[in-house]
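Throughout, a chain's letter reflects where its sequence line sits, starting with A, and its residues are numbered from 1. All values reported here derive from a predicted model rather than from experimental measurement.
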Amino acid sequence: MNVLIKGAGVAGLTLAHELVSRGMSVTVRETRETIAGNASWQAGGMLAPWCERASAEPPVLELGRAAADWWDAALPGHVRRNGTLVVTQRRDMAELERFSGRTTGHVPVDATEIETLEPDLAGRFPRGLFFAGEAHLDPRRALLALAAKLAGDGVPFVFGDDARAGLLPGAGADVQADCTGTASGHAELRSVRGEMLILRTPELRLSRPVRLLHPRFPLYIVPREDHHFMVGATMIESSATGPITARSTMELLNAAYALHPAFGEAEIVETGVGLRPAFPDNLPRVEWTGGVLSINGLYRHGFLLAPAMAQKAADLLEGQKERRRSA
Amino acid sequence: MLELYGQHLSSRLLLGTSQYPSPAIMAESIETSGTEIVTVSLRRETAGGKDGGQFWSLIRSLGVKVLPNTAGCHSAKEAVTTAHMAREVFGTDWIKLEVIGNHDTLQPDVFGLVEAAGILSREGFKVFPYTTDDLVVAERLLDAGCEVLMPWCAPIGSARGPQHLDALRSLRAHFPDTPLIVDAGIGRPSHAASVMELGYDAVLLNTAVAQAGDPVQMAAAFAQAIEAGHRAFLAGPLEPRDMAVPSTPVIGQAVFT
């Protein structure tokens with residue numbers, strides 16, 4: 001079976017990898033010039049299904065708990081499995097209680113344990129929560145590595161003008177898979193705008209994602225290579241793609257500064273805006289309509305839920321193949 | 001029946017539309033609560049969107065009256081501008097007027113509030129001012145043209161419940177004919193019931209429902225508590241007594257010892 005995958009974001013690439021690993025033949029078509037710049041490019045890369053349960057429905061935990069294993073198997077060396085630390089300022093301790101009441105998979109940590117986990121946060125937070133089972137990866141490196149691995153396996157990629165013109169190398173596709181996110185035009189899909197910053201400071205070292213709970217501006221900081229930190233992310237019901245607003249920048253920076261004053265001297269290396277594709281229940285779907293397979297609605301859980309959705313989609317296609325064979 | 005600016009309503013619960021786990025849960029909460037008015041924040045949700053957004057279409061599809069608010073405005077001028085935008089985007093002259101005076105407590109700037117209420121009322125807006133429980137400010141707001149008052153009972157989103165019951169009582173006593181809606185600070189259905197028992201006309205909620213473990217269930221609980229509180233007010237609750245009064249006759253027992 002020959003599958004044409006539209007979209008080289010996290011949904012498209014994980015599906016491609018899943019199908020190739022099951023022996024199917026795949027072509028990836030992306031209307032952008034490169035992998036960079038899509039919504040997945042702006043992601044945090046946290047594989048944190050237990051933390052996400054604080055605001056997400058139960059399927060996010062069920063579908064996301066095996067994500068770290070999938071990424072580890074697909075891209076050895078990319079996943080860091082050293083948990084998530086959740087802290088809050090002294091004034092907002094009620095937020096920690098609330099978060100702890102809504103999530104599982106955590107242990108309470110005191111100031112000493114926080115210092116052991118993240119020495120640079122010593123003395124800043126009296127209490128926190130540690131989610132030992134969580135992991136993270138650098139989403140940009142992961143997307144590029146996944147694309148490189150697929151290309152190495154002989155998967156053809158068509159980018160930019162050629163993709164827009166609908167060019168296809170080799171034989172035609174038996175099935176199309178739409179993984180284009182907000183661009184798919186699905187009637188029930190909406191955009192939830194997310195804005196983020198990438199800061200750089202050599203004055204601070206974090207080894208895992210840290211979430212700062214705040215009644216108004218909750219935020220997470222994910223450490224990346226070379227003293228970079230991804231700070232995210234806003235959640236705005238809007239399909240506007242313009243640059244990050246002054247207000248959002250201010251809120252993100254404020255929260256980062258509250259986490260550690262060293263962020264006050266950090267360089268703002270990059271600001272980013274992406275549109276999260278979301279269905280009304282904020283849960284992803286694999287759909288099979290009119291001969292087109294689609295994975296969409298990954299919302300704020302792209303890297304977390306894409307593997308499970310890719311597996312579901314691949315199961316569907318295999319079932320299809322079986323039916324054809326027996327027919 | 002509750003009447004707000006000429007509109008008759010059978011539900012005494014007004015619901016906000018932010019901070020729900022998902023739009024689907026928001027929609028179900030609104031339906032379950034039986035609310036007929038939802039507040040929508042103009043800032044951010046719609047700002048810059050190409051089409052006003054799918055979020056806004058979803059709210060429109062619920063068939064409830066929309067009360068846009070000027071959340072996050074810190075001056076009369078900003079609030080007036082936002083009200084103008086809201087009238088255009090939502091096609092209504094109803095406006096929940098918020099002029100925030102303190103960033104931390106989100107306490108209303110009552111001076112800016114009275115100023116903006118005057119300007120907007122003169123322009124034909126039906127103003128729902130988010131105010132404190134201050135009596136004199138309430139009078140000024142009515143002078144400025146407001147026909148409804150929305151005092152807080154505690155800071156927005158704090159879930160603390162009524163902090164100054166006497167102030168709320170006194171407001172009710174002074175304005176027997178003005179619809180009074182408690183806006184902000186309610187955390188639990190019992191809080192809502194207690195202000196309704198004082199004779200308040202309605203309650204406006206957002207966080208207490210949206211951030212509950214099960215928002216739909218909580219929306220139903222609030223609807224019942226508000227109804228119960230209102231009925232209790234109509235029924236005339238018993239005033240507390242110092243002396244215990246038995247509810248069963250005690251004839252034949254030696255109680256007068």
Side-chain angles (χ1 to χ4, degrees), chain A residues 52-60 91-92 94-95 97-99 101-103 182 185-193 195 213-218 234-248 250-251 254 273 275-285 297 299-301, chain B residues 16-31 40-62 71-74 78 89 100 102-106 154-160 185 187 206-208 210-216:
Chain A
E52 285 299 311
R53 264 297 274 134
S55 59
E57 298 289 291
V60 171
R91 186 189 69 176
D92 304 323
E95 299 300 313
E97 295 302 324
R98 199 174 150 265
F99 199 88
R102 290 190 176 199
T103 51
T182 53
H186 193 296
E188 285 183 75
L189 212 57
R190 73 187 204 284
S191 301
V192 180
R193 176 178 154 104
E195 299 155 311
L213 304 181
H214 186 281
R216 285 183 228 165
F217 315 119
T234 58
M235 303 266 285
I236 301 168
E237 292 286 346
S238 166
S239 54
T241 51
I244 188 169
T245 61
R247 179 194 292 259
S248 296
M250 190 176 70
E251 286 168 1
N254 252 331
V273 172
L275 297 183
R276 306 177 183 92
F279 287 113
D281 58 3
N282 289 346
L283 293 173
R285 293 182 194 169
Y299 184 47
R300 52 181 273 160
H301 306 120
Chain B
T17 52
S18 65
Q19 300 181 54
Y20 290 82
S22 72
I25 291 176
M26 176 196 75
E28 206 186 333
S29 304
I30 290 171
E31 277 163 17
V40 178
S41 163
L42 177 68
R43 298 176 69 91
R44 309 209 116 199
E45 266 72 9
T46 43
K50 283 175 284 202
D51 44 14
Q54 301 96 318
F55 184 74
W56 167 223
S57 330
L58 178 78
I59 289 174
R60 219 171 350 203
S61 74
L62 296 171
C73 290
H74 284 256
E78 205 185 344
V89 173
I100 300 301
N102 182 285
H103 184 73
D104 211 51
T105 61
L106 299 181
I156 297 177
S158 69
R160 283 191 216 156
N206 190 348
T207 318
Q211 298 271 288
D214 180 345
V216 178

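Within the 3.5 Å criterion, the main-chain N or O of E195(A) finds a donor-acceptor partner in the side chain of T234(A). At distances below 3.5 Å, not a single donor-acceptor pair connects side-chain atoms of E28(B) with backbone N or O atoms of A24(B). A donor-acceptor contact shorter than 3.5 Å links the side chain of R193(A) to the backbone of G242(A).
When heavy atoms are compared at a cutoff of 4.5 Å, L283(A) does not approach chain B at all. With a 4.5 Å cut-off on non-hydrogen atoms, Q211(B) touches chain A through its backbone and its side chain both. When heavy atoms are compared at a cutoff of 4.5 Å, E57(A) approaches chain B solely by way of its side chain, counted from C-beta outward.
Figure legend: cation-pi geometry between R285(A) and F279(A), with NZ or CZ positioned under 6.0 Å from the six-membered ring centre and within 45° of its axis.
For chain A, the option among M26(B), Q19(B), H103(B) with the highest count of heavy-atom pairs below 4.5 Å is H103(B).
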